[in-house]
Amino acid sequence: MNIKESIIVALEGVWVNKMRSALTMLGIIIGVAAVIAVVAIGQGGQAAVMTSLEKIGTNLFMVYARSNDSNTVTTADLITVQDVEVIRNSTTAIKYISPVQNRTIPLKHGKQNKRANTYGIWPDYKYIRNIEMEKGRFITEADEKAGRRVVVIDSELAQHFFGHQDPLLKQIDLLGISVTVIGVTKSDKNFIMGPNQTPNAYVPFSAFTSAIRWNYVGYIEASAVSKEATDTAIEQTKRILHHRHRNADKYNANSLLKEMEQANQIMAILQLIVGSIAGISLFVGGIGVMNIMLVSVTERTREIGIRKALGAQYRDIMIQFLIEAVVICLIGGAIGTFLGVGGSLIVAKIANWPPLVSPLTIMVAFIFSAAIGIFFGIYPANKAAKLDPIEALRYE
Amino acid sequence: MIKINNLVKVYQSEKIAVTALKGITFSVPARSFISIMGPSGSGKSTLMNIIGCLDRPTSGQYILDGLDVSSLDNKELARVRNKKIGFVFQTFNLLPRLTCLRNVELPMIYAGVPQKERKTRALLALERVGLGDRVNHRPNEISGGQKQRVAIARALVNEPAIILADEPTGNLDTKSGEEVMAIFQDLNREGVTIVLVTHEKEIADHSNRIIQFRDGLLVQDGGVESPLDARDMLARLTRDEEVSNYEY
């Protein structure tokens with residue numbers, strides 16, 4: 001008996017017991033769909049996080065004063081604008097640098113009031129964060145030097161305060177100081193931050209510190225000349241700070257590269273956990289297949305006896321039942337793949353991720369479901385093939 | 001065709017040993033039509049299973065078509081069943097979900113006959129038993145007599161050395177039974193060796209020779225002087241039927 005015949009016989013077996021086969025398949029369908037969806041959604045989400053982090057720039061880093069167990073930070077340790085100027089002029093590894101102060105404060109226009117993340121920054125900040133303009137211009141060196149009371153707001157704020165009016169050259173009240181809108185940035189909404197994020201506003205560092213009456217720098221934000229130079233840039237920055245403040249171990253740095261690595265790790269662990277749960281459901285589906293195959297063998301004892309009397313060998317019966325199990329698993333696997341891919345495409349669409357269903361995932365799911373068919377089919381098939389023909393023929 | 005020499009079969013359970021066949025010797029020449037009779041417990045079924053290569057004797061020799069099959073392993077026995085033996089059972093034993101044609105094709109599938117040839121041969125076999133018009137029916141769509149004829153077509157499709165029929169008329173009415181016996185007699189006239197197991201004397205009288213068993217021993221072996229002709233019986237049955245219809 002060749003394989004083609006065995007497959008036909010197995011398909012007949014699946015087809016005759018449609019309802020039972022369908023229910024058995026359901027377990028495999030859910031398992032495979034879950035595994036594919038989890039892997040695809042995980043990979044898609046990871047890719048989305050990475051692109052949005054990379055958009056900010058992998059060269060980005062921040063340095064700030066921080067107390068730890070053995071050290072407390074005093075005002076003498078706080079970073080000053082002069083520090084940042086020295087760093088800018090004396091390091092080679094830094095391309096853009098800006099002191100940052102930020103407060104979430106209410107901005108007012110007429111009777112309208114809106115809380116915004118307001119940043120006191122240098123013009124370089126635009127390049128560090130890849131800020132894109134929609135209208136007007138960003139803060140310039142001249143604004144900073146002259147301490148001009150100007151503000152750049154994002155499109156959401158512009159919409160909130162001015163609606164369809166041109167926001168440029170309009171006045172906004174910032175902590176009792178009137179500032180002039182000189183530009184509107186594109187609102188940089190991305191899914192990591194979620195919806196309803198606080199809008200952003202940017203003010204020259206000098207103007208902002210005088211408005212909040214605090215002259216120190218909250219933290220330094222900079223981007224290195226290259227991804228590889230990030231560590232050197234951080235080292236140089238810290239060394240200058242320690243030297244100028246005559247202290248040690250008071251400054252800390254965060255780089256996006258490091259954060260990406262951490263994010264990657266966390267996501268890998270999450271994927272592993274959810275993936276294992278999905279894997280368990282696939283395993284349970286496999287047990288369902290074995291269960292049904294055992295019932296099927298008992299039910300068809302007489303058929304097996306007849307086939308043996310007509311000359312079927314151990315091998316023929318074994319292959320017949322094994323193929324039946326594999327066929328159930330493969331059909332279930334195909335439907336499950338279809339649902340899993342469909343589901344993850346829908347999720348990708350809703351979450352605005354790149355759809356990521358790799359052919360490898362599909363192939364693995366397919367091979368895996370065939371393997372489940374074989375693994376859970378072997379025991380029942382062996383039981384069938386080992387039946388004694390005389391006993392089997394006598395079975396009612 | 002069949003040579004059986006001092007055949008013994010002992011069923012060994014945990015505590016007791018039951019001797020079902022206590023040393024049996026007989027032979028069946030080719031082209032015979034022989035009946036095996038005996039009450040239940042006589043060892044008849046055990047002998048059937050051994051002749052059918054479903055079981056092995058404990059001792060003794062069984063030579064089928066020149067081949068000593070007494071000590072073959074399971075795989076070889078399966079091959080012998082496939083090529084040299086055609087089974088006809090009391091309960092037909094057709095696979096219910098397959099059409100008549102597919103049922104008849106089954107032994108050839110296991111013999112590795114190519115698909116096209118298989119279909120041709122299955123159709124021929126079905127025509128031979130008068131069921132050329134029922135090939136695509138399923139067993140539950142035809143009568144008992146027709147089922148048994150499909151089973152006979154299946155038994156002869158691999159051109160076996162012997163056809164082994166176990167109470168083939170047991171589940172049939174008299175007329176269908178005679179139809180089945182007529183087919184056996186036709187096949188025998190064409191040269192097929194037939195071994196029939198039955199407990200009905202009337203059915204056994206259709207064959208040329210009757211062997212009787214009792215308590216695991218062969219107790220009687222003799223020829224039938226004038227075997228019943230199934231065609232005559234059928235003609236008589238039809239005539240009786242007509243008469244009773246007329247009276248009614």
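These numbers come from the heavy atoms of this one structure, side chains and all, not from hydrogens, waters or symmetry mates. Below, read A as the first sequence line, B as the second, and so on, with proteins coming before strands; counting in each chain starts at 1.
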Practice problem: Could you check which of A:Leu393, A:Ile306, A:Val16 has the highest count of heavy-atom pairs closer than 4.5 Å to chain B? | Solution: A:Ile306

Quiz item: Is the number of heavy atoms from other residues, nucleotides or ligands under 6.0 Å of A:Phe338 CZ greater than 12?
Solution: no

Quiz item: With only heavy atoms counted, which part of B:Ile85 is less than 4.5 Å from chain A, the side chain, the backbone, both or neither?
Solution: neither

Quiz item: Is it the case that more than 12 heavy atoms not belonging to B:Lys116 sit under 6.0 Å from its NZ atom?
Solution: no

Quiz item: Counting heavy atoms not belonging to A:Phe283, are there more than 12 under 6.0 Å from its CZ?
Solution: no

Exercise. Counting only heavy atoms closer than 4.5 Å, note whether B:Asn93 contacts chain A via side chain, backbone, both or neither.
Key: both

Self-check item: Separation between CZ of A:Arg300 and CG of B:Leu95, rounded to the nearest 0.5 Å
Solution: 9.5 Å

Quiz item: How many angstroms lie between atom CE of B:Met48 and atom CD1 of A:Ile390, to the nearest 0.5 angstrom?
Solution: 10.0 Å

Quiz prompt | Flag if over 12 foreign heavy atoms under 6.0 Å of CZ, B:Arg214 | solution = no

Exercise. Evaluate the criterion side-chain contact (heavy atoms from CB on, under 4.5 Å) for residue pair B:Arg81 and A:Lys308; output intermediate values, then yes/no.
Key: CA-CA 9 Å; B:Arg81 285 200 296 272; A:Lys308 285 203 150 186; 4.2 Å; yes

Quiz item: When rounded to the nearest 0.5 angstrom, what distance separates OH in B:Tyr110 from CD1 in A:Ile317?
Solution: 4.5 Å

Quiz item: Could you give the distance from CZ (A:Arg394) to CG (B:Asn49), rounded to the nearest 0.5 Å?
Solution: 7.0 Å

Quiz item: What pair of heavy atoms forms the shortest contact from B:Ala78 to A:Ala312, and how long is it?
Solution: CB-O, 3.9 Å

Quiz item: Highest number of heavy-atom pairs under 4.5 Å with chain B: which of A:Ala309, A:Pro389, A:Gly305?
Solution: A:Ala309

Quiz prompt | B:Phe89, CZ: over 12 other non-hydrogen atoms inside 6.0 angstrom | solution = yes

Quiz prompt | Gap between atom CD of A:Glu303 and atom CG of B:Leu106 - 0.5 Å precision | solution = 8.5 Å

